Each structure stands twice: as structure tokens, then as C-alpha cells.
2 protein chains.
Amino acid sequence: MPYDPSAFPPFAVTVDLVVLTVRRHALCALAVRRGEPPFQGRWALPGGFVRADEDLAQAAARELAEETGLRAHDPSTPAQDNGAHLEQLATYGDPKRDPRMRVVSVAHLALAPDLPAPRAGGDASNARWAPVEELLQQGGYGRDGEPVAPLAFDHAQILADGVERARSKIEYSSLATAFCPTEFTVGELRRVYEAVWGVALDPRNFHRKVTGTPGFLVPTGGTTTRQGGRPAQLFRAGGATLLNPPMLRPEV
Amino acid sequence: MPYDPSAFPPFAVTVDLVVLTVRRHALCALAVRRGEPPFQGRWALPGGFVRADEDLAQAAARELAEETGLRAHDPSTPAQDNGAHLEQLATYGDPKRDPRMRVVSVAHLALAPDLPAPRAGGDASNARWAPVEELLQQGGYGRDGEPVAPLAFDHAQILADGVERARSKIEYSSLATAFCPTEFTVGELRRVYEAVWGVALDPRNFHRKVTGTPGFLVPTGGTTTRQGGRPAQLFRAGGATLLNPPMLRPEV
DNA sequence: ATCATAGTCGTCTTCCTGACGATAAACACT
DNA sequence: AGTGTTTATCGTCAGGAAGACGACTATGAT
């Protein structure tokens, strides 16, 4: 078939972000309140249109910076600075996912250490970190007893897919360090795994596993006592990106 | 920002397919010859525009049927019929990836058993199964001494990503059975792993592993001798989709 | 001083894997 | 019929990794 510019329907292309962090022992995602219809007033994932001259990864990094101030580091340059990890998640293109028009959204997954405070266009009341279970429970009641509306569009599905990606990826990669600040302790890293997986891990076996995996952790020499108890060694993320053998997620 | 239909640039959205199969002990991908510019005469991955009323998965299934005659089975209805496995791979949206216009391509990965013959719009000379190493080597010479042109667009990258996805996914899932016909032997399944990974596996340990994993293989009672040697038991794919513990890919 | 908390080192058992010997059942020869 | 070849299948053994859990250490709180 010859090339015919009228042969294809026009689409709008957006990027949506699943930004995850660990706060107070819970896996949290960034949500923004929608200011206009459709779904006005409802919570949604941050995102926006891809510009005409922009790559998808660039658009995702730009949105991430606009919403959180985080720089994304290039995936080819792993965890050195305290920028966020950013990767493409999946693409959602149901014809009816946006009632206004045909929109294809390329969702991205970002993992960040605990941050001071979200900012959505300068208005803090329109952005928040919320535990993912709270955002995913449809039509229930939140911790404060307020009714919880489901996320706008198909964002509950996107968030669920992003959480599942994070849960499986920390098994066989060193990605859990993306949730930690530059220097962290073994206990802090363990609490990341526990929050993301929602399980309790044996501190002794965990310590043996992570310190025994070459390239995973690099001791910085310092110690800290910010968690109480005996001072703990401080580590930085090592160069290894793949864990072999993987960290095993407990059954059930 | 209020909704403004002129606020976003229009995109064309396509699906491209990485269709993999195992033929003659080699991992092969389906390639089609381009009939029009750009890249006229070069080999490319099959694909096409997403229609206005079509979901992305529907578009991919339609293209797969057009190119190969294969029905894709729904991911929620695993390996029963001899349809192909189809899943979304990744999305490619570099502004310059298509010189004509802004095209975002949602690549999909399909795994199929060895098929009679490809058909691309009825013209067999414009479609072929080629070993992935042959398609991925840039500017070398093929088995027959002819110069090999690299794949059109960014399809070499897409193919490489698809192959990598397949290689890693057969580690921890029962997806390797998607390369096999409905009934197959342990040896045939082993040859799938060997072709996809490009390694030799110990037949005895492989046999112990796959027959010892509950839900992976279901004996059908029959035997076959189509490989020569002692008759082998026939199996069908069991209901299990996740392999735990995974099949280990040898180092090197 | 005592307790609570968190970190770190060991031990033991169990399971899984890799290496590899041995047997079984077909076919192709001579 | 006998012999060799090929593929399938069962068994054995050693090494490594993980789960369960005891023991000890170093802080702060009471």
C-alpha cells in the first residue's frame, strides 16, 4: 500500500508517571488532583502531553521534574547521584480511556527516595504522597474515614502495573537502592523491601544476603544511629545492577 | 491548564511485531520486505497503523493474523489452543525514528511454534523467517554470502529488546511452551531453551527440573519417536505460568 | 543498673543445582 | 542376530544458598 498521510487517524500521546517512594514503612505513590474535567477534583497520576520535538523518555523526565523537582538519571548511568530511577512501564491505548479524544499514554515508572514535599505547579494541596493500597482500593474509605474515589481514567490499572513492576524488579536487581538516600544502612534497605513487598524479612538473613552479594553494597566507612539501637554501618549502592541469585520474595 | 484541543501535537500510532519462533535449532524472527519508501526494499518488522476504534492489543492481534494467520490467545487464557502468545513489549517514540512524520510505535512480542510458511499479503517472497543474529548483525554478510542491510527504522533495537525479553522471560515463566506445538517432548522443550539462550543444557538435569516442577508439564500418555532414539513421553503445557524456582540460565 | 532496640556474626538443616554414571528403547547398519 | 548410535530417563553425590533461630554487641531510654 502506498503512503497516504490521510490513512492513519491522529492520536494524542501523553506520558503518565507512577512515582513511588517509601514513607513511614509504606509504599506510596504521587497523586495529583485534577483541576479540570473530565474527572475534575479526582486524584490522578501526574502526566502530560508529549511535545512535538520530544522523545518519550525526555517527556517523562520533564514531567517528573515539574512535579517533584527530581532529576532522572539516565538508565545507562546507574545510581550515582540522588536522582530518581526512571523507566518506561507500559502503554495504554483503549479507545475509550479518555472521553474527550483518542489518547495513548506511555506510562513510566519512577522510584525515588523519601522527599521533602510534593509540589504540583506550586500548589501543594493538589499533590500528595498516598499509600498505594489507599489509592488502589476502589470506593472504600481512607484512613481518615473520608470516602475514597477511584483514580481518574485507567490510572488505577497503571498504578497497579507499576507497583507490580517494582515488586518484581527489586527481586532480581539492585533497584531497591533507588528508594534510599545516597548513604543508607542495611536496615533501611531491608525496610524498603518490607514496605514494597508488604512482608517481614529476617534481619539476619537479609544482612547476610545483601552484604554477601558482590557489588551490591559498598561500605562508606561511616556509621549512623538514626534508627536507634546499635550504630549501623553506612553503605552506598555498588555497581552491580543484577542480583544473581535474586532476593527471594517470601511466599504468600 | 484548561483543555485545549490545539494544545497537543498529533501523532501517528503504529504497532510493530517481534514474532519469534524456533526453527532448525535457531531462534528466528519474522521479517517483511518494505515495498515503499522510506527504506524501500529493506527488511523490517511487520506492523501497521492502529485504527481509530481499536485497542493496542487488538491492533497487534490483527497484524499478527494478517502476517501469519496465527490467532493470538488472550493473555488471561493461557496456552490451551495452538494460538500464539502475544504481549506488549515497549513503545518507541523518538521524534526522528520515521522521517515522514511523528510516529509512536507500540511494539509487541509474539511467540509461536514453528509454522508452515510466512505469508505477507499473499506474497511469500516479501516475508521470511530469519535467525535473529542474522537480522541483528549490522552491515555484515548473511549465510549465503549476500550483504545484509540492517533492519529499517529502529527495528533492530526493537528486535533486540524483544529477544532479550523472551530470553529472560522463559527463565521464570512457562513461556517456552509457547514455542512448542500442543504436544511436545521434554527434549523438544529443551531444544527451545537451547535455541533461545544459545547454550547447551544437560538433558538429565533439564528433565529432572521440568518434570519436577508442579503444573509445568502434564503428560498426555502418548509417546513419540520423531526425534529418533528411544521414544519420549508427550506432554502438554500445564496450568502453571510462573516457575518457582526459576530455570537457571547458565553463566558465560 | 536495667531494659528496649537495632545491628551483626554463627550454626544447622533443607532444598536445589551442576556434574556425571548407568540403563532403556528405538533405529541403522553389517 | 549383533553392534553401534541416538535419545530418553533414572540415580547418585557434592557444593551452595536460604530459612530458622541462637548469641552477642552497642547504643539510648528509664
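Only a predicted model underlies this, so the values are computations on that prediction, with no experimental measurement involved. Letters A, B, ... are given to chains in the order of the sequence lines, protein chains preceding strands, and every chain is numbered from 1.
Checked against the 6.0 Å centroid threshold, Y193(A) and F206(A) count as a close aromatic pair.
Residues E164(A) and K169(A) are not paired through a salt bridge, judged by the lack of any N-O separation under 4.0 Å between the basic side chain and the carboxylate. A salt bridge links R249(A) and E171(A); the closest N-O separation between the charged side-chain nitrogens and carboxylate oxygens is under 4.0 Å.
Under the 3.5 Å distance criterion, with hydrogens and angles disregarded, a donor-acceptor pair is assigned to the side chains of D16(B) and H155(B).
Judged by the 6.0 Å and 45° rule, R128(B) forms a cation-pi pair with W43(B).
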*asked:* Would L234(B) and T223(B) count as a side chain to side chain contact (heavy atoms under 4.5 Å, CB included) here? Give the steps.
replied: CA-CA 5 Å; L234(B) 284 170; T223(B) 60; 5.7 Å; no
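The salt bridge (charged side-chain N to carboxylate O under 4.0 Å, His left out) contacts involving residues 238-248 of chain B comprise nothing, where partners must be two or more places apart or lie in separate chains.
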Going 5' to 3' through nucleotides 25-30 of chain D and flagging B where a protein heavy-atom sits under 4.0 Å of the base, S where only the sugar-phosphate is that close, and - otherwise, we get BBB---
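Residue A195(A) comes nearest to V22(A) through the heavy atom pair CB-CG1, 3.7 Å, listed as atom of the first residue, atom of the second, then distance. Annotation for L189(A) and T177(A): closest pair CD1-N, 4.1 Å, computed over non-hydrogen atoms.
Rounded to an integer number of Å, the gap from CD of Q233(B) to P of dT7(D) is 18 Å.
For Q157(B), the side chain to side chain contact (heavy atoms under 4.5 Å, CB included) criterion is met by Y92(B), D161(B), not counting sequence neighbours.
Contact check for H108(B) versus V18(B): no side-chain heavy atoms found under the 4.5 Å cut-off. Taking 4.5 Å as the limit, every side-chain heavy atom of P131(A) sits out of range of all side-chain heavy atoms of L27(A).
Against DNA chain D, the stretch residues 201-221 of chain A makes heavy-atom approaches under 4.0 Å through D202(A), R204(A), N205(A), R208(A), K209(A). Taking a 4.0 Å limit (strictly below) on heavy-atom distances, residues 188-197 of chain B reaches DNA chain D at R190(B), R191(B).
Between chain A and DNA chain C, the heavy-atom contact criterion of under 4.0 Å yields a 5' to 3' nucleotide range of dT5(C) to dT11(C).
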